[in-house]
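Following: one structure in structure tokens, then a few remarks.
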Amino acid sequence: MKPSLPQGTRDFGADILYKRNYIFSTIKSVFETYGFEPLETPAMENLDTLMGKYGDEGDKLIFKILNNGLQLSEKHAPARIDFEEVLAGKNSKGITERALRYDLTIPFARYVAMNQGQLSLPYKRYQMQPVWRADRPQKGRYREFYQCDADVAGSHSLWNEVELAGIYRDVFAALHLPVSIRINSRKILAALSMACNNADLLTDITIAIDKLDKIGLEKVMLELELKGIDASGRNIIQSYLQIGGSNREKMEALRLLMPSNELGKAGLEEIEFLLEHYTDEAGVLLEIDFTLARGLNYYTGIIFEIKAQGIAFGSIGGGGRYADLTSFFGVKDIPGVGISFGVDRIYDVLEALNLFPPTLGKGTEVLFFNTGLEECKMAYKLMHILRKKKIRCELFAETSKFDKQFKYAVKKGIPYAAIIGAEELKTNQVVLKSLTMGTQQVISVDAFINYKYS
RNA sequence: GAGAUUGUAGCUCAGCAUGGUUAGAGCGUCAGAUUGUGGCUCUGAAGGCCGGGGGUUCGAGUCCCCUCAUUCUCCCCA
């Protein structure tokens, strides 16, 4: 058979993995300096845990796992009935009761709900694992991709938002990736839909607004009209979307637009708190963007979105506050706030802007040539010593001609070749050749062991 | 779910509008030049049911239909 990958999935070779791990380890170390603890959850969850949490569209995109044991004859009759349910677009436990996780937030909520007795709130966890979506893949979109989330459960304090913004700042400063952190408040969006007398259409309004920089003002207005927003409402939204200037000017403009709305005021106060306590550093600024909406409709407070500067790309991170993290699982009054990094997109952006450090690879430093059994025995002893000194080395596995061994070293980017031939075996010496310089020297075993590689 | 795109050697692709002996190139792989010191060069070799199925035709990689897969756009999302 012809080997192939499932649609929307990828293999990661060494070159890619060095770079991906650089991103992961940067994010991870920042998470930990902010006091977040690691958590991992299973790739699969019970279907019940996931269904109904992501909206109708989301439910369709959940990868379901077929139950085992359907071939048993006593299960045939019920399975056929259950399958009719599936054909009708419903889920049936008789056919599938497990599914691949769709994001990290719901498994986190499930974990908090299951362990609320043991966890001391507020609970701050980070999680970096793949998620799966049965979406149609396209540029920058995959069916298997990684999310890196940091969330806080059980705290209403706005200091969490300040800290999370700090995490964004520190990660992108460490990656030397210029970004803008754009913020808005879901409360302000709710106030806006109230101001249009269409509080019930909040979701439709946010989805339309969210498309602004993609499809332009006119088409957003058209979509709002189709959704049933009347002319006066559309006028308010239009002037709302055209608010510009500095952060302070934007806030002033918003106050004028909806002067008497309590919800809007509350949203503005939260934003002010965040702006007041956030510390600018490394040129990473917080920027109010009232057109920011974020599709996920469980957000209730401040929302974040990260865009890279100097390149037109989708968002590379986002997050926000959600009032009711665990009520799905019967546990009330545990609020949540969190952020997420889109590693796959950050990778693409760093690659496009050529921002990866040049020396990420941690490959072999010394290749021992294989020139025969007795020589290999000596090489093997020397490797043992080098490895104790954390020097990465390997023996070429086959007794091949030098040509081949050199090519192996060059291809793997190995900087040194250690050659022990019959002559060196006798004199207890090693030929150490620098493949980058092209020079070589015959040195004693002692000098070889103590040589400064790197 | 809707629309478009591309499937030819391990990889990147040419050939197809105008059907015609044995389907090509570059890179890579392997062997030799080179009796154990690389990257260069030269020589040679292996490697293809031209995505699959059906049709038109004396004849199909090339034309038609179906199907599968790919990539991209929309919807939605990271």
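Throughout, protein chains are lettered first and strands after them, A, B, ... in sequence-line order, and every chain is numbered starting at 1.
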Next item on the list: Considering just the side-chain nitrogens and oxygens of A:K401, establish if one lies under 4.0 Å of OP1 or OP2 belonging to B:G32.
Entry: yes

Item checked: A:K411 vs B:U29: side-chain N/O to OP1/OP2 distance below 4.0 Å ->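 For B:U29, OP1 or OP2 has a side-chain N or O of A:K411 closer than 4.0 Å.
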
Checklist line | salt bridge (Lys or Arg N to Asp or Glu O under 4.0 Å) partners of A:R20, counting only residues at least two apart | finding: A:D344

Check: Of all residues at least two apart in sequence or in a different chain, which pass the salt bridge (Lys or Arg N to Asp or Glu O under 4.0 Å) check with A:R136?
Finding: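 Salt bridge (Lys or Arg N to Asp or Glu O under 4.0 Å) check on A:R136 returns nothing, list empty.
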
Checklist line | Parallel, tilted or perpendicular: ring planes of A:Y451 versus A:Y416, cut at 30 and 60 degrees | finding: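 The rings of A:Y451 and A:Y416 stand perpendicular, inter-plane angle above 60°.
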
Margin query: Looking at A:D280, I want to see if its CG is surrounded by more than 12 non-hydrogen atoms of other residues, nucleotides or ligands under 6.0 Å.
Written below: yes

Next item on the list: Flag yes if more than 12 heavy atoms outside A:N450 fall under 6.0 Å of its CG atom; otherwise flag no.
Entry: yes

Inter-nucleotide [atom1] distance ([N], [M]), Å rounded:
| N | M | atom1 | value |
| --- | --- | --- | --- |
| B:A17 | B:C77 | C1' | 41 Å |
| B:G26 | B:C40 | P | 16 Å |
| B:G7 | B:A78 | C1' | 29 Å |
| B:U12 | B:U6 | C1' | 14 Å |
| B:C50 | B:U8 | P | 11 Å |

Margin query: For A:F31 and A:Y126, I'd like to know if the aromatic rings sit close, meaning centre-to-centre distance below 6.0 Å.
Written below: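 That pair passes the under 6.0 Å test.
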
Check: Can we call the ring centroids of A:F24 and A:Y146 under 6.0 Å apart?
Finding: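 Yes, they do, as the ring centres are separated by less than 6.0 Å.
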
Next item on the list: Spell out yes or no: do the side chain of A:K433 and the base of B:G38 have one donor N/O and one acceptor N/O closer than 3.5 Å?
Entry: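 When only heavy-atom distances are counted, A:K433 does reach the base of B:G38 through a donor-acceptor pair under 3.5 Å.
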
Margin query: Using a heavy-atom cut-off of 4.0 Å across all strands, would you classify A:T399 as base, sugar-phosphate, or nothing?
Written below: base

Notebook entry, point to check: Is there aromatic stacking of A:F145 against B:A78, centre distance under 5.5 Å, plane angle under 30°?
Noted result: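 Aromatic stack with B:A78 present for A:F145.
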
Next item on the list: Searching all strands shown, indicate the nucleotide that pairs with B:G1 (Watson-Crick or G-U wobble; both distances under 3.5 Å).
Entry: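 B:C74 is the nucleotide pairing with B:G1.
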
Check: protein-nucleotides 68-74 of chain B nitrogen or oxygen pairs below 3.5 Å:
| unit_1 | atom_1 | unit_2 | atom_2 | d |
| --- | --- | --- | --- | --- |
| B:U70 | OP2 | A:Q7 | NE2 | 3.3 |
| B:C72 | OP1 | A:K139 | N | 3.4 |
| B:U73 | OP2 | A:Q138 | OE1 | 2.9 |
| B:U73 | OP2 | A:K139 | N | 3.2 |

